[in-house]
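Just below is one structure, and these are the notes that go with it.
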Amino acid sequence: MIENKRKASFDTVDGKVAIVTGASRGIGRAIAFIYGANGIKVVCAARSKEQGLAVADEICAEGGEAIFIQTDCSSAVQIKKLIDETVEHYGRLDGIVNNAGIGQGGTPLHEYGIEEYEQIFGLNSEGVFAGMKYGAEAILRSHSKGGFLINVASIAGIMPQRGQSLYTATKFGVVGMTKAAALDYAPHNITVNAICPGYTKTSIFGDAPEQAMAFFSQDCPAGRMGEPQECAYLALFLASGMARYITGAAIPVDGALSAGSKNVIQWKHPEILE
């Protein structure tokens, strides 16, 4: 039973072992840092050795515990190796955040090539599946008392956008796998959830021109783009004991972008803002 008078705390994550893929930048980097700051032993996985090591070293310099394992997260073989090495190093696994992914967009479906299809599905779909598969196996073998699988999807997995056919397909797939796997592992006290970021200031936007970035802010009801840390806070909560009854959820972090379409409204009493 949950004690109603107990003060909310993230102490329940202290000492857990968790993998974060795509930890070298953006949302993955933010999650790795906030995990490390709260006592989670973080395994930072990324293709870039230089960037990944820098993240792990900084977490350790700030008093946390982290290691880096170089991984191409589009390869199921390398994902398995990542998880095997994590268990070999720490003796267990409590959670994995499948964050690594790429974006494609801006053209109608017929203009995508087969190579682009294979590239995006290799990382955004197969890579996430491999992380869930081998991660779940390791968590079960570890007899974790608070196991978790977190997938970083997208609002594109909730509401399609034009020019995003392949990206949308992968993110709908991630949300679907999340929900189905939640049913599989609920009896074993492993939660499975998806974080669905909206327009967030990460490298996924590449060298988008200032005009495009302004559009993203204006298109969002909140009037701004999100920060990677805002997704990281949710990832910490979902890893904690406070979220053990939350599973199978696809949670937007998007400033109301996926809540519905905007319309013209007129306040009867705008003076309240004065």
Side-chain angles (χ1 to χ4, degrees), residues 1-21 23 27-28 31-32 34-45 64-67 73 76 79-80 82-100 127-153 157 173-196 231-253:
M1 294 291 292
I2 297 175
E3 298 178 19
N4 292 330
K5 295 181 181 179
R6 185 176 178 179
K7 186 177 180 180
S9 169
F10 288 108
D11 291 347
T12 51
V13 304
D14 190 38
K16 284 187 177 183
V17 176
I19 295 169
V20 180
T21 70
I27 292 171
I31 293 172
I34 201 166
Y35 275 11
N38 285 273
I40 294 178
K41 299 172 183 178
V42 189
V43 178
C44 302
E65 184 172 348
I67 62 171
C73 294
I79 290 285
K80 184 178 187 304
L82 162 68
I83 291 168
D84 288 345
E85 289 185 10
T86 297
V87 174
E88 182 179 352
H89 183 86
Y90 283 114
R92 62 180 299 104
L93 181 68
D94 296 289
I96 183 168
V97 180
N98 295 299
N99 165 74
V128 172
F129 164 70
M132 294 178 73
K133 170 183 167 56
Y134 297 120
E137 291 175 354
I139 293 167
L140 289 167
R141 291 194 184 103
S142 300
H143 304 290
S144 175
K145 298 186 183 301
F148 61 92
L149 303 172
I150 298 173
N151 299 320
V152 177
V174 167
V175 170
M177 280 196 291
T178 298
K179 291 179 177 292
L183 298 171
D184 293 337
Y185 300 119
H188 305 284
N189 197 30
I190 298 174
T191 60
V192 189
N193 292 291
I195 296 173
C196 299
C231 291
Y233 298 141
L234 176 57
L236 178 63
F237 174 68
L238 292 175
S240 77
M242 291 181 283
R244 298 314 302 167
Y245 204 57
I246 300 173
T247 189
I251 306 173
V253 183

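In what follows, every heavy atom counts, from backbone to side chain, and hydrogens, waters and symmetry copies are set aside. Here the structure is a predicted model, which means the values were calculated and not measured.
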To the nearest 0.5 Å, how far apart are CD1 in Ile31 and CG in Asn99?
5.5 Å

How far apart are the closest heavy atoms of Cys73 and Thr21, and which atoms are they?
SG-CB, 3.7 Å

Which atoms form the tightest heavy-atom contact between Val175 and Ala250, and what is the distance?
CG1-CB, 4.0 Å

So do Leu93 and Val43 actually touch side chain to side chain, heavy atoms under 4.5 Å?
no

At what distance, to the nearest 0.5 angstrom, does CD1 of Ile150 lie from CD1 of Ile96?
10.5 Å

Nearest heavy-atom contact between Val152 and Val97 is CG2-CG1, 4.1 Å

Please walk me through it: do Asn151 and Met177 pass side-chain contact (heavy atoms from CB on, under 4.5 Å)?
CA-CA 9 Å; Asn151 299 320; Met177 280 196 291; 5.6 Å; no

Just distance, no hydrogens or angles: give the donor-acceptor pairs under 3.5 Å from side chains in residues 179-192, sequence neighbours left out.
{"residue": "Lys179", "atom": "NZ", "partner": "Gly248", "partner atom": "O", "Å": "3.2"}
{"residue": "Asn189", "atom": "OD1", "partner": "Arg244", "partner atom": "NH2", "Å": "3.4"}
{"residue": "Asn189", "atom": "ND2", "partner": "Lys145", "partner atom": "O", "Å": "2.7"}

Could you check whether any side-chain heavy atom of Val20 comes within less than 4.5 Å of a side-chain heavy atom of Cys44, counting everything from C-beta outward?
no

Hey, what do you get for CD1 (Ile40) to OG (Ser240), rounding to the nearest 0.5 Å?
9.0 Å

Only distances under 3.5 Å count here; give the side-chain donor-acceptor pairs of residues 82-89 to other protein atoms, sequence neighbours excluded, each with its distance to 0.1 Å.
{"residue": "Asp84", "atom": "OD2", "partner": "Lys80", "partner atom": "NZ", "Å": "2.9"}
{"residue": "Glu85", "atom": "OE2", "partner": "Lys81", "partner atom": "NZ", "Å": "2.5"}
{"residue": "Thr86", "atom": "OG1", "partner": "Leu82", "partner atom": "O", "Å": "2.9"}

Which heavy atom of Ala243 sits nearest to which heavy atom of Phe237, and what is that distance?
CB-O, 3.2 Å

Stepwise, does the side-chain contact (heavy atoms from CB on, under 4.5 Å) test hold for Ile251 with Ile195?
CA-CA 5 Å; Ile251 306 173; Ile195 296 173; 5.7 Å; no

Sub-3.5 Å donor-acceptor pair from the side chain of Asp94 to the main-chain atoms of Val17, do we have one?
yes

Rounded to the nearest 0.5 angstrom, the CD1-CD1 distance for Ile19 and Ile67 is 8.5 Å

Nearest-0.5 Å distance that lies between atom CG in Leu238 and atom CG in Leu149:
11.5 Å

CZ on Arg92 to NZ on Lys16, rounded to 0.5 Å
9.5 Å

In terms of heavy-atom contacts, Tyr35 and Ala239 come closest through OH-CB, 3.6 Å

Side chains of Met242 and Thr12: closer than 4.5 Å at any heavy-atom pair?
no

